[in-house]
Amino acid sequence: MKTIKKIYLTLILIFLYAPILTLIVLSFNSSKTRAKWGGFSIKWYGSLFKNEDIMQALYTTLLIALLSSLIATIIGLAACIGLRHFNKTSKSIVIGVTNIPMLNADIVTGISLMLLFLSMGLKFGFGTILLSHITFNIPYVILSIMPRMNKLNVHTYEAALDLGANPLYAFFKVVLPDLMPGILSGFLLAFTMSLDDFIITHFTKGAGIDTLSTKIYTEVKKGIKPEMYALSTIIFIAVLILLLLINKPSKDDKDNKQVQVIATI
Amino acid sequence: MKNNKIKILTWPYLFWAVAFIVIPLLMIFYYGLTDRSGAFTFENIAAIATAEHAKALWLSLGLSLIATVICLLLGYPLASILAHLNSKTNVILFIFILPMWMNFLLRTLAWQTLLEKTGVINTILSLIGLPTINIINTGGAIVLGMVYNFLPFMVLPLYNSITKIDDDVINAARDLGADRFQTFMRVILPLTVPGIISGITMVFVPSLTSFVISTILGGSKILLIGNVIEEQFTHTGNWQLGSGLSIVLMLFIIINMICSAIFDKDSEGGVL
């Protein structure tokens, strides 16, 4: 039984990592096409940083991800705090609406936003991408914070007030630390969702601006620049190292928080 | 606490949700139910019945159903093995999530390199004297792409629901004389239904609506319903038709959600 399990795990691992390995190998391929192997070379890593198109797309991608997840976290956190005082019916209506972008198909969310921006006469570009990313990020933030909010102990807050703290001070000293894990995982989740999004960006980006995903998509038809493989290899290794570092201290304690953060992503 | 003052904090989100979730959705219904002059019509929705669109829809439904079933069959044993590995769980789970950090388009493109007629897999197969496979630009390649990209979405909810099962429940079943198979069918399987349902939804919806996987792995000949809709918005410019077809697509998503709600009454409503 143990051997069968091991073989099964290995086969799935091969299935999952074969394409990743392919991309990493291609990043060291000195030939420009992915059809043939032209010998080992690291030249694409050098030319990557000189490729302004790719660097610009990387910058746009990171900036959108950072801004949209920050704004989404602030709006989402405020919404969660206020929602505590809503009655049951209005609360479940709000949560129902919040679930729409998560349950709906990305393509439908994308075109619905595109139709909205067109009818508003907005200029398609950085702004419209940012607005759409905030829109699909807020639900992830709310759904990460909500469970913590529901478990929140009101008495500690009241105790702080009794002990002379003003409401704002009590909020920052007592309530916020309690919510922090939820806020953090919501932010991280939103950040990754934004980084990885292609479909919604595709419909709301307009000409002249590209994130990494949309850039890759246009290159799929013309032939991918090998620098893209180099960049994705760098990102992959960076994430690998980062996650290893995060995971290390929690190895022996049974806390599943990290797993949850990675898992929800 | 001054409740009304605190309620104000929710307002920015309420505004946002109405402006960017509710109104855009209503706009799809508006465009889907009117013609170019703005008159009410069911034509855009009825257009799904034309041969070309119906074929795309059936093909999408078929391929995404196959992909979902394969994901469930592959994912259940996988999630179960992962859930019962003790100390190294963190690391192992992490290994299964890590591929998702590589850009989704590039990963799919890599499969093209692997599957091509003279691609990596066929080169290896012919080296060891096996017959080559020819699935690039077929429905098979699209199903493979869907399974590859969405398998983690099946494994994670399954993993979560399997780890939640109390060992005592399983031990009790065994003590009461159930064999392995009976324990699985009567205890473990029913307890993991919520995980199965949310896994199915999380694989089925993106598979059904995907247009990227079919573009990269299906060549230009295979059109899924996602491709048809995308074309209406980016090339043809027929938003009315595109919106009408989107309404049909949403109908299937809603049917899927109703089915999950029936099967899984005590879920908390979140998809995570």
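All of these numbers come straight from a predicted model, not from anything done at the bench. Every chain is numbered from 1, with letters handed out A, B, ... down the list of sequences.
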Hydrogens and angles aside, do [X] and [Y] bring a side-chain donor and acceptor to less than 3.5 Å of each other?
X        : Y        : result
A:Asn104 : A:Thr109 : no
B:Thr215 : B:Asn227 : yes
A:Ser213 : B:Asn103 : yes

Find out whether [X] and [Y] are in side-chain contact, i.e. whether some heavy atom of one side chain is under 4.5 Å from a heavy atom of the other.
X        : Y        : value
B:Leu223 : B:Ser214 : no
A:Asn87  : A:Lys91  : no
B:Ile216 : B:Leu105 : yes
A:Thr128 : A:Lys205 : no
B:Ile45  : B:Leu33  : yes

Could you tell me which portion of [X] (side chain, backbone, both or neither) has an atom closer than 4.5 angstrom to a non-hydrogen atom of chain B?
X        : answer
A:Met120 : neither
A:Leu131 : both
A:Phe203 : side chain
A:Thr22  : side chain
A:Ile142 : side chain
A:Ile100 : side chain
A:Ile138 : side chain
A:Ile224 : side chain

Derivation and outcome, ring pair (Phe, Tyr, Trp, His ring centres under 6.0 Å), residues B:His84 and B:Tyr159: CA-CA 10 Å; B:His84 294 113; B:Tyr159 174 86; 9.5 Å; no
Measuring centre to centre across the rings, with the benzene-like ring taken for any Trp, is [X] within less than 6.0 Å of [Y]?
X        : Y        : value
A:His133 : A:Phe191 : no
A:Phe198 : B:Phe104 : no
A:Phe15  : B:Tyr148 : yes

Under 30°, 30 to 60°, or over 60°: which ring-plane class applies to [X] and [Y], parallel, tilted or perpendicular?
X        : Y        : answer
A:His202 : B:Phe211 : tilted
A:Phe236 : A:Tyr17  : perpendicular
B:Tyr76  : B:Phe184 : perpendicular

Measure distances from [X] to the heavy atoms of chain A and classify the residue's part below 4.5 Å as side chain, backbone, both or neither.
X        : value
B:Thr108 : neither
B:Met27  : both
B:Leu25  : both
B:Gln112 : both
B:Ile253 : side chain
B:Pro99  : both
B:Leu74  : both
B:Pro77  : both
B:Ile28  : both
B:Tyr31  : side chain
B:Ile81  : side chain
B:Leu249 : side chain
B:Thr163 : neither

From A:Thr211 atom OG1 to A:Tyr217 atom OH, the distance as rounded to the nearest 0.5 Å: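 That separation rounds to 13.0 Å.
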Counting heavy-atom pairs under 4.5 Å with chain B, which one of [options] comes out on top?
options                               : value
A:Val94, A:Ile235, A:Leu212, A:Leu240 : A:Leu240
A:Ile134, A:Ile75, A:Leu115           : A:Leu115
A:Leu21, A:Thr98, A:Ile199            : A:Thr98
A:Val239, A:Leu83, A:Ile81            : A:Val239

Who wins among B:Val205, B:Leu114, B:Ile229, B:Leu151 for the most heavy-atom pairs under 4.5 Å with chain A?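 Of the candidates given, the most pairs with chain A belong to B:Leu114.
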Can any side-chain N or O of B:Thr10 pair as donor or acceptor with the backbone N or O of A:Ala79 at less than 3.5 Å?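 Yes; at least one donor-acceptor contact below 3.5 Å.
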Using modelled atom types only, decide if a donor and an acceptor are shared between the side chain of A:Asp196 and the backbone of A:Thr192 within a distance under 3.5 Å.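 A pair under 3.5 Å: no.
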Is the count of non-hydrogen atoms from other residues, nucleotides or ligands lying under 6.0 Å from A:Tyr8 atom OH greater than 12?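 Buried by this count: over 12 neighbours within 6.0 Å.
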Quick check on the structure: residues of residues 234-242 of chain B within a heavy-atom distance below 4.5 Å of chain A, by number.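 Residues B:Thr234, B:Trp239 are the ones that qualify, each having a heavy atom under 4.5 Å from chain A.
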